[in-house]
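Here the structure is laid out as structure tokens; the discussion comes afterwards.
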Amino acid sequence: MNFVKRAGMSLGARKSKTAVLLAIFVVICTLLLGGFLLQAAAARQEADAQRTIGVDVTVRKKGLTAALADRLGASDLVHRYNPELPVRAGARGFTPLTSNAPKAGGTGAGKHKRGAEKDPLAVNGVRDSGMLLPFSYGSTKIMAGRGITPADAGHDVAVIEQRLAEKNHVKAGDTVQVRSEDGKRTVPLTVVGIFQDPTQDPTGWTRPHELPGNTLYVPVGTAQQLGTGTATVSEAVFKIGSPDRAEQLHAEAERLLGKGSFDFRVNDKAYRDQVRPIQRVGTFAGLIVWVIALAGALILGLIVALQIRERRAELGVLLAMGEKKWKLVSQHAVEVAAVALPAVALAALAGSLAGEHAGDALLGRQAGKPVAAAGARDAEIAPAAVRVEAATVGKVTGIGLGISLVSTVVPGIGILRLHPRSILADTE
């Protein structure tokens, strides 16, 4: 009789033991699937966290221009970047804020005084206002409209402070006229957003451009129009995926800016606080898979070994009838494999039903922490979805069949040493 057919008949004749073997295999496959799902979810969440949080690299250099910052920001290592170009500007058609306190002494250099009155606005050219520390920490908030984004390049738009907007009755969508430092150009700016700076007005006399309410954010190109001469970037912040890439970005900055001619600072606190715990979960999940595979092979190997001892008489009869020993080992392997396949299907069903809750429980603690670090938005990392995919089921199936093979071949070595006469003599 064909050993495959004989394996099927054996499973049918031993229903209770087959059910026990199936239950054990379901538990093993479910745990294996859970380990793989957790590992995959941790990997997806780590990738999302790297894009959301990443590592901030701040570059400062005397004479750093927006063009140089753009060239470095075009690197494949950089996810987002933001150069900051500060200039002074004057107001036309609206009134800037002034200090309520009297000027101490009432004297000062006339030229300096006139300059302070002429250019009372502190204009900051940025590419992505969301990467500015006050906005990323959440201390400065957009109250209406939106911030400056890379899509605003080439457009004359602005985000103004709430106090300045209230004094001049300006709303998002209105237009304000801003005059360049030299007074030769007037640029109409469309107000796309209004932000609130929590900094209180100084109690003493303060120059108008130093008042927090006289701050505007505009695209870098607009700031260059308002500045005089060659406007330089005060600093540029680059967001990269991980601390490992900081050295590569530093090498690119050296090629572009020159060795030793710039300040290069890495801030990976948010990465350490948010991403490293997720990586530990993924490593733990990988360890779980190996432990379960080894423990499963050991447990099933012991069960098969006990079954072989119980079926010595059956094996002796088959050997006496001329059945080859390798076919007897193959029969046991087919029996265990036939139980493994439905066990994988049941495990996949259980994983699809319970995967989401398991992912929330295991990854939610790490994912639910708010981001509060340089260059990171004030948001929470959403737990990665735990999905049962065909590739994951394929891995579990492969390991399950591998376990069934190991757990039958190793105990099956004893079958190769059996002699039918001695077996039948022991059973008489």
After noting the C-alpha distance and the side-chain angles of Leu64 and Thr232, does the key distance pass the side chain to side chain contact (heavy atoms under 4.5 Å, CB included) rule?
CA-CA 6 Å; Leu64 179 63; Thr232 58; 5.9 Å; no
Spacing of [atom1] belonging to [X] relative to [atom2] belonging to [Y], to within rounding of 0.5 Å:
X      : Y      : atom1 : atom2 : value
Thr199 : Gln196 : OG1   : CD    : 10.5 Å
Leu189 : Asp174 : CG    : CG    : 12.5 Å
Arg80  : Thr149 : CZ    : OG1   : 10.5 Å
Glu254 : Ser261 : CD    : OG    : 8.5 Å
Glu161 : Thr215 : CD    : OG1   : 7.0 Å
Ser136 : Met131 : OG    : CE    : 8.5 Å

Below 4.5 Å, heavy atoms only, C-beta onward: do [X] and [Y] meet side chain to side chain?
X      : Y      : result
Leu211 : Pro202 : yes
Ile148 : Val218 : no
Pro198 : Thr140 : yes
Tyr81  : Ser75  : no
Ser242 : Glu46  : no
Leu341 : Leu401 : yes
Gln279 : Val275 : yes
Phe238 : Leu72  : yes

Closest approach of [X] and [Y], non-hydrogen atoms and distance?
X      : Y      : value
Gln162 : Ile194 : CA-CG2, 3.6 Å
Gly90  : Leu121 : O-CD1, 3.7 Å
Ala246 : Val266 : CB-CG2, 3.9 Å
Leu226 : Ala89  : CD1-CB, 4.4 Å
Arg245 : Ile240 : C-CD1, 3.8 Å
Ala42  : Ile278 : O-CG2, 3.4 Å

Does Asn214 form a side chain to side chain contact (heavy atoms under 4.5 Å, CB included) with His209? I'd like the steps, not just the answer.
CA-CA 6 Å; Asn214 282 336; His209 72 276; 5.9 Å; no
Tell me if the [atom1] atom of [X] is crowded by more than 12 foreign heavy atoms within 6.0 Å.
X      : atom1 : value
Asn100 : CG    : no
Arg276 : CZ    : yes
Arg71  : CZ    : no

Hey, is the main chain of [Y] close enough, under 3.5 Å, to the side chain of [X] for a donor-acceptor pair?
X      : Y      : value
Asp152 : Pro219 : no
Asn168 : Val170 : no
Thr206 : Ser99  : no
Asn82  : Asp128 : yes
Arg163 : Asp197 : yes
Glu389 : Ala391 : no
Arg88  : Asp119 : yes

Under the ring pair (Phe, Tyr, Trp, His ring centres under 6.0 Å) test, which residues partner [X], sequence neighbours left out?
X      : answer
Phe284 : none
Phe36  : none
His155 : none

Starting from the C-alpha separation in whole Å, work towards a yes-or-no answer on side chain to side chain contact (heavy atoms under 4.5 Å, CB included) for Phe25 and Leu346.
CA-CA 10 Å; Phe25 236 123; Leu346 292 174; over 6 Å; no
Restricting to pairs with a member in residues 282-302, which pass salt bridge (Lys or Arg N to Asp or Glu O under 4.0 Å), not counting sequence neighbours?
none
Output, in order, the C-alpha distance, side-chain angles, deciding distance and verdict of side chain to side chain contact (heavy atoms under 4.5 Å, CB included) for Asn267 and Thr58.
CA-CA 8 Å; Asn267 184 353; Thr58 302; over 6 Å; no
Contacts of type side chain to side chain donor-acceptor pair (under 3.5 Å), residue Arg185, not counting sequence neighbours
none
For the pair Phe94 and His169, evaluate ring-ring contact (aromatic ring centres under 6.0 Å, His included) and give the outcome as yes or no after the intermediate values.
CA-CA 9 Å; Phe94 69 100; His169 306 288; over 10 Å; no
Would you list the atom pairs, donor with acceptor, under 3.5 Å between side chains in residues 392-400 and any protein atom, with sequence neighbours excluded?
unit_1, atom_1, unit_2, atom_2, d
Thr397, OG1, Val393, O, 2.8

